Chemist: 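I'd like to ask some things about the structure below.
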Number of protein chains: 2
Amino acid sequence: MTELDTRSQILIAAEERFSLYGYNKTTMVEIASDCNMSAANLYRFFDNKLDIGAGLANQCLAEKENELAVIVADNLMTSAEKLHAFVVNILHYTYRRFDVAPRLSELIEAMTIQRPEVMKSHRNSTIILLRRLLEQSVDAGEFEFSDIDATAEAINTAITVFYLPAVMPLFSLEEFESKAKSVCDLLVNGLSKIKT
Amino acid sequence: MTELDTRSQILIAAEERFSLYGYNKTTMVEIASDCNMSAANLYRFFDNKLDIGAGLANQCLAEKENELAVIVADNLMTSAEKLHAFVVNILHYTYRRFDVAPRLSELIEAMTIQRPEVMKSHRNSTIILLRRLLEQSVDAGEFEFSDIDATAEAINTAITVFYLPAVMPLFSLEEFESKAKSVCDLLVNGLSKIKT
DNA sequence: ATACTGAATATTTTGTTGATTATTCACTAA
DNA sequence: TTAGTGAATAATCAACAAAATATTCAGTAT
């Protein structure tokens with residue numbers, strides 16, 4: 001078995017455990033024995049448990065980014081609709097994580113605290129996607145703005161609430177959806193060439 | 001001494017203790033002895049320690065609301081400037097709480113978790129202030145929008161990041177100030193009659 | 001060398017117990 | 001009746017030991 005295979009075998013075992021029992025309750029010995037190896041051997045492929053978690057988190061977040069990329073790439077929606085779909089997608093992901101999938105949430109939480117770069121990089125990817133959405137909106141003659149990077153950043157900042165699981169208990173999903181709608185409307189109003 | 005006097009005497013003692021040693025480290029016996037009474041007697045005026053905290057938190061948050069009200073009432077700034085000052089004020093308050101005044105922060109944190117109504121009510125007051133700001137902007141012929149309540153809500157949602165101490169460690173104050181600026185610009189753009 | 005292990009060590013978590021603190025209550029003083 | 005208390009009880013916290021777990025390392029097999 002090649003080194004790469006072993007790495008991904010470990011990641012697969014870890015994913016199974018993490019999503020079933022959570023990051024904290026999963027031990028290195030368990031992951032190792034799922035792979036029919038000793039715990040010590042895991043350290044030949046990953047520096048530590050946190051790195052296994054980071055590998056997995058990157059995978060999860062990449063999937064999320066892909067969903068967002070699909071929305072951005074869509075060519076039936078208007079830019080306004082895309083932005084709204086974008087925000088709602090983020091909201092639903094966050095809500096689900098706090099509500100129905102708290103196990104995987106534990107992993108993200110551990111990363112937020114102990115591997116902030118993982119989240120930073122996801123944040124960056126998201127901003128790049130927003131930037132692409134903005135580019136396309138200009139091409140389509142729908143939005144206009146002066147500084148595309150500042151604008152993408154600002155949109156991301158304005159929708160940060162929808163990223164935060166900690167805020168989810170404060171309102172129902174319906175309430176959040178309505179908030180997402182009205183924030184998007186406000187943003188779109190500021191971005192649109194023609195005011196509605 | 002009237003009942004009201006005793007109540008406020010207790011609150012004053014509690015404020016002193018809470019801001020010096022924090023909510024958790026302050027005991028009922030300490031507050032009581034500062035007031036030259038027994039701990040048991042505190043319970044004739046407050047149902048429990050949390051209620052003393054809530055009384056104080058309400059006071060703190062009311063002060064913050066007053067600062068915001070001053071900004072809204074100002075008649076030298078444009079509406080755009082007011083909105084920006086409003087957001088920056090919130091940001092600075094939040095940043096200070098996490099950075100230099102963690103003692104009082106402890107109280108707010110306890111309230112957020114154990115007395116969410118206190119924070120909800122502050123949120124409401126803030127939205128009412130935003131609503132007033134919007135009203136005035138219409139009178140001044142600066143902003144226009146369809147639904148004032150939805151708009152006030154949406155603005156509040158878009159600036160929620162700046163309320164959250166938990167997010168503060170992620171960026172420097174300067175970075176947050178720049179974010180506040182660009183979010184405000186974006187919002188103002190959407191609200192203004194004349195696009196900039 | 002490469003892939004791996006068992007056993008040793010270091011770090012974290014868990015569990016327990018005593019001490020502190022919040023809260024209640026039966027009672028006293030004016 | 002109103003303002004208050006001390007003592008009892010209940011809930012929470014802190015400290016420390018024990019157990020579990022992560023990580024390292026010296027060594028084995030191929």
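Each chain gets a letter, A, B and so on, in the order its sequence line appears, and its residues count up from 1. Everything numeric here is computed off the predicted structure, so don't read it as measured data.
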Chemist: Hey, does the side chain of B:K49 come within less than 4.0 Å of D:dA11's phosphate (OP1/OP2), counting only N and O?
Modeler: no

Chemist: Using atom CD1 of A:I52 as one end and atom C1' of D:dT21 as the other, report the distance to the nearest whole Å.
Modeler: 13 Å

Chemist: Select base, sugar-phosphate, or nothing to describe what A:N24 touches, counting heavy atoms under 4.0 Å on all strands.
Modeler: nothing

Chemist: Any donor-acceptor pair under 3.5 Å linking the side-chain atoms of B:Y163 with those of B:N156?
Modeler: yes

Chemist: Given C:dT5, D:dA22, C:dT23, which nucleotide is nearest the side-chain atoms of A:M28?
Modeler: D:dA22

Chemist: Mind calculating the distance between CZ (A:F46) and P (C:dC4) to the nearest angstrom?
Modeler: 14 Å

Chemist: Base, sugar-phosphate, or nothing for A:T27, non-hydrogen atoms under 4.0 angstrom?
Modeler: sugar-phosphate

Chemist: Can you find a side chain N or O atom of A:R44 that sits less than 4.0 Å from OP1 or OP2 on C:dC4?
Modeler: yes

Chemist: Has B:K49 got a side-chain atom pairing as donor or acceptor with B:M28's backbone, closer than 3.5 angstrom?
Modeler: no

Chemist: Round to a whole Å and report the spacing from OH of B:Y43 to P of D:dA11.
Modeler: 13 Å

Chemist: May I have the distance from B:L50 (atom CG) to C:dT21 (atom C1'), rounded to whole angstrom?
Modeler: 15 Å

Chemist: Side chain of B:E175, backbone of B:S172: donor and acceptor closer than 3.5 Å?
Modeler: yes

Chemist: Taking the nucleotide of DNA chain D with the nearest heavy atom to each, does B:M37 or A:N41 sit closer to the 5' end?
Modeler: B:M37

Chemist: From C:dT23, D:dA14, D:dG4, pick the nucleotide closest to the side chain of B:F45?
Modeler: D:dG4

Chemist: Only one of B:R103, B:E109, B:M111 clears side chain to side chain contact (heavy atoms under 4.5 Å, CB included) with B:L107; which?
Modeler: B:M111

Chemist: Check the distance between D:dT23's P and A:N48's CG and give it to me in whole angstrom.
Modeler: 5 Å

Chemist: Starting from C1' on D:dT24, measure out to CG on A:L42 and report it in whole angstrom.
Modeler: 13 Å

Chemist: Could you check which of C:dT23, D:dG6, D:dT23 has an atom nearest any side-chain atom of B:A39?
Modeler: C:dT23

Chemist: Nearest of D:dT2, C:dG6, D:dG6 to any side-chain atom of A:A40?
Modeler: C:dG6

Chemist: Between B:F18 and B:Y21, is the ring centroid distance below 6.0 Å?
Modeler: no

Chemist: C:dT21 P sits how many Å from B:K25 NZ, rounded?
Modeler: 9 Å

Chemist: Distance check needed: D:dG4 C1' versus B:N36 CG, whole Å only.
Modeler: 13 Å

